[in-house]
Structures are given as structure tokens and as C-alpha cells.
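Have a look at the structure that comes next, please.
We number each residue from 1, following the sequence as shown. Values below: every heavy atom of this structure, side chains too, minus hydrogens, waters and symmetry copies. Owing to the predicted nature of the structure, the values given are computational and were not obtained by experimental measurement.
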Amino acid sequence: QEHYGGLNGLTVTWIGDGNNVLHSIMTSAAKLGMHLRIATPRGFEPDIKITKITEQYSKEYGTKLLFTTDPLEAADGANVLVTDTWISMGQEEEKKERLKAFQGYQITMQTAKSAASNWSFLHCLPRKPEEVDDEVFYSPRSLVFQEAENRKWT
């Protein structure tokens, strides 16, 4: 909201794990008027209960919702590209399997080519290079440090 002046009509794309951060976005995006595009590898989708709630909210608030396994499809027209860790606390023993499953999900400038001309990037930190490359993470399009500062006040 701070960056775009408002949230209504924005398209947010999540590329990564169907985790708690995604669940929070899913349960709030439609209520704020945001379209949501989600790309996760097979087997790493968000919780089905949260998915059903999200589908209901999307219909109720008239927003668009897409679930896919293709990160480039999800990025198409996105104002905001978002990812998070692929290996959360307690999942360390799954690291090899997860890194293999998430190949092709790293957010790069190539990912952003099909995004909207005003795209930005978010990550709730700490970031691993396999999730987003340096070119995107340290670019002027990256709002990760403003995002971190805003969490300080919440």
C-alpha cells in the first residue's frame, strides 16, 4: 500500500512453498481487492482448507485467483512477486528433496519479464540465494528492507 498508493486491483504472485506466509496472504488478498496468482511445485501446495477459504473469498470479493505449478505463468502481469524460504524450521532433514522439487522456482529477472511494468519484489527474510537471485534481491525493485522495517512497527 505504501509503495503503490493502494492495494485494490494489484496482482500479487507467490512463487514457492505453500507455507504459513502464503496462507496469510491467501486469507487476506481478496478482502483487500488483490488478485492472487500462486505457483508451487506438486506436493508443496497450500493447505486445502486455506485454499477453499481463499476460493470463497475470491468469489465473494470479485478477485481473480490462479493456482499453477508454472512460475512464469504465475508471474504474468504481476505487480508484486513474492517468495519465502523453501526450507522452514523443522524441515532441515527435507533439504535435498525440497531443493530438487523447487528447481526452476528461483525468482530472477527472467521471471519478472512477464510481470507488470511496475513490478516489485518481497521476501520476509532471511533469504537464501536459491529462492531469489542477487540481481532481483538487490535491485531497486526489491522492497524487502522496507518490508522488514514495516514489520518492526506491527
Residues in ring pair (Phe, Tyr, Trp, His ring centres under 6.0 Å) contact with Trp86, at least two apart in sequence or another chain
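Result, ring pair (Phe, Tyr, Trp, His ring centres under 6.0 Å) vs Trp86: Phe102.
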Could you tell me whether a side-chain N or O of Thr83 sits under 3.5 Å from a main-chain N or O of Ile15, the two making a donor and an acceptor?
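At least one qualifying donor-acceptor pair exists.
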Cation over ring, Arg127 on Phe137, under 6.0 Å and within 45°?
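Because its charged atom sits under 6.0 Å from the ring centre and within 45° of the axis, Arg127 does stack over Phe137.
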For Asn8 and Leu32, run side chain to side chain contact (heavy atoms under 4.5 Å, CB included): C-alpha distance rounded to whole Å, both residues' side-chain angles, the deciding distance at 0.1 Å, then the answer.
CA-CA 6 Å; Asn8 193 44; Leu32 298 169; over 6 Å; no
Are Val132 and Leu125 joined in one hydrophobic group, where the rule is that I, L, V, M, F, W and Y side chains link up if heavy atoms are under 4.5 Å apart?
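They do share one cluster, since a chain of ILVMFWY contacts under 4.5 Å joins Val132 to Leu125.
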Side chain to side chain, Val82 and Thr13, heavy atoms closer than 4.5 Å:
no
For the pair Phe121 and His123, name the ring-plane relationship: parallel under 30°, tilted 30 to 60°, perpendicular over 60°.
tilted
Do the side chains of Val21 and Ile53 join up, straight or via other hydrophobic residues, at under 4.5 Å, putting them in one cluster?
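Different hydrophobic clusters.
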With the side chain counted from C-beta on, respond yes when Asn19 and Asp84 share a heavy-atom pair under 4.5 Å apart, and no when they do not.
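A side-chain contact under 4.5 Å exists here.
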Rounded to the nearest 0.5 Å, what separation is found between the CE atom of Met34 and the CG atom of Leu7?
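Going from the CE atom of Met34 to the CG atom of Leu7 covers 5.0 Å.
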Donor-acceptor check, side chain of Glu73 to backbone of Asp70, threshold 3.5 angstrom: yes or no?
no
Verify same cluster id: Phe44, Leu81 (apolar side-chain graph, 4.5 Å)
yes
OG-CG distance between Ser139 and Asp134, expressed to the nearest 0.5 angstrom:
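So the gap between those two atoms works out to 10.5 Å.
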Find out if a path of hydrophobic residues (ILVMFWY) with successive side-chain heavy-atom gaps under 4.5 Å connects Ile107 to Leu10.
no
Transitive ILVMFWY side-chain link Tyr57 to Leu36, under 4.5 Å:
no
Looking at Arg151, I'd like to know if its CZ atom is crowded, meaning that more than 12 non-hydrogen atoms belonging to other residues, nucleotides or ligands lie closer than 6.0 Å.
yes
Any sub-3.5 Å donor-acceptor pair from Arg37's side-chain atoms to Trp14's backbone N or O?
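No.
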Would you check if the side chain of Glu45 reaches a backbone N or O of Gly43 as a donor-acceptor pair within less than 3.5 Å?
yes
Do Met26 and His23 have side chains that approach each other closer than 4.5 Å (heavy atoms only, starting at C-beta)?
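Counting from C-beta outward, Met26 and His23 do come under 4.5 Å.
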Donor-acceptor pair, side chain of Ser58 and main chain of Thr54, under 3.5 angstrom
no
Please evaluate residues Val12 and Asn79 with respect to the criterion side chain to side chain contact (heavy atoms under 4.5 Å, CB included), reporting the C-alpha separation (whole Å), side-chain torsions for both, the decisive distance (0.1 Å), and the verdict.
CA-CA 6 Å; Val12 175; Asn79 303 106; over 6 Å; no
Suppose we screen for side-chain contact (heavy atoms from CB on, under 4.5 Å). Which residues come up paired with His35, at least two apart in sequence or across chains?
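For His35, the residues satisfying side-chain contact (heavy atoms from CB on, under 4.5 Å) (neighbours in sequence not counted) are Thr11, Thr63, Lys64.
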CD1 on Ile25 to CG on Asn20, rounded to 0.5 Å:
10.0 Å
Thr51 versus Asp47: any side-chain heavy-atom pair under 4.5 Å?
no
Are Thr40 and Ile38 close enough that some pair of their side-chain heavy atoms sits under 4.5 Å apart?
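Touching, per the 4.5 Å side-chain cut-off.
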Nearest-0.5 Å distance, CD of residue Glu60 to NZ of residue Lys31
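Rounded to the nearest 0.5 Å, the CD-NZ separation comes out at 8.0 Å.
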Kindly say whether Tyr138 contributes a backbone atom to a donor-acceptor pair with the side chain of Ser142 at under 3.5 angstrom?
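Not at all, since once roles are kept as given, no pair shorter than 3.5 Å links the two residues.
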Does Leu66 reach the side chain of Asp76, with side-chain heavy atoms less than 4.5 Å apart?
no
If the condition is side-chain contact (heavy atoms from CB on, under 4.5 Å), which residues does Asp133 pass it with, not counting sequence neighbours?
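Only Gln106, Thr108, Glu135, Val136 meet the side-chain contact (heavy atoms from CB on, under 4.5 Å) criterion with Asp133.
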Without swapping roles, check the side chain of Glu97 against the backbone of Glu94 for a donor-acceptor pair under 3.5 Å.
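The answer is no, because no donor-acceptor pair under 3.5 Å joins these two groups.
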Indicate yes or no: at least one non-hydrogen side-chain atom of Lys95 is less than 4.5 angstrom from one of Glu92.
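The answer is no; the side chains never approach within 4.5 Å.
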Begin with the C-alpha distance, continue with both residues' side-chain angles, and end with the deciding distance and a verdict on side chain to side chain contact (heavy atoms under 4.5 Å, CB included) for Phe67 and Glu55.
CA-CA 10 Å; Phe67 292 96; Glu55 289 169 342; 4.1 Å; yes
Whether the side chain of Thr68 engages the backbone of Ala74 through a donor-acceptor N/O pair (distance < 3.5 Å, no angle test) should be reported.
no
Quick check: closest heavy atoms across Gly16 and Pro41, and the distance to 0.1 Å?
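Minimum heavy-atom contact is O-CD, 3.7 Å.
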Keeping the roles fixed (side chain from Tyr4, backbone from Asn118), state whether a donor-acceptor pair exists under 3.5 Å.
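Yes; at least one donor-acceptor contact below 3.5 Å.
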Quick one: are Asp17 and Arg98 in side-chain contact, heavy atoms under 4.5 Å?
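The answer is yes, as the side chains (C-beta and beyond) meet within the 4.5 Å cut-off.
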Which heavy atom of Pro71 sits nearest a heavy atom of Gly104, and at what distance?
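Here Pro71 and Gly104 meet closest at CG-O, 3.5 Å.
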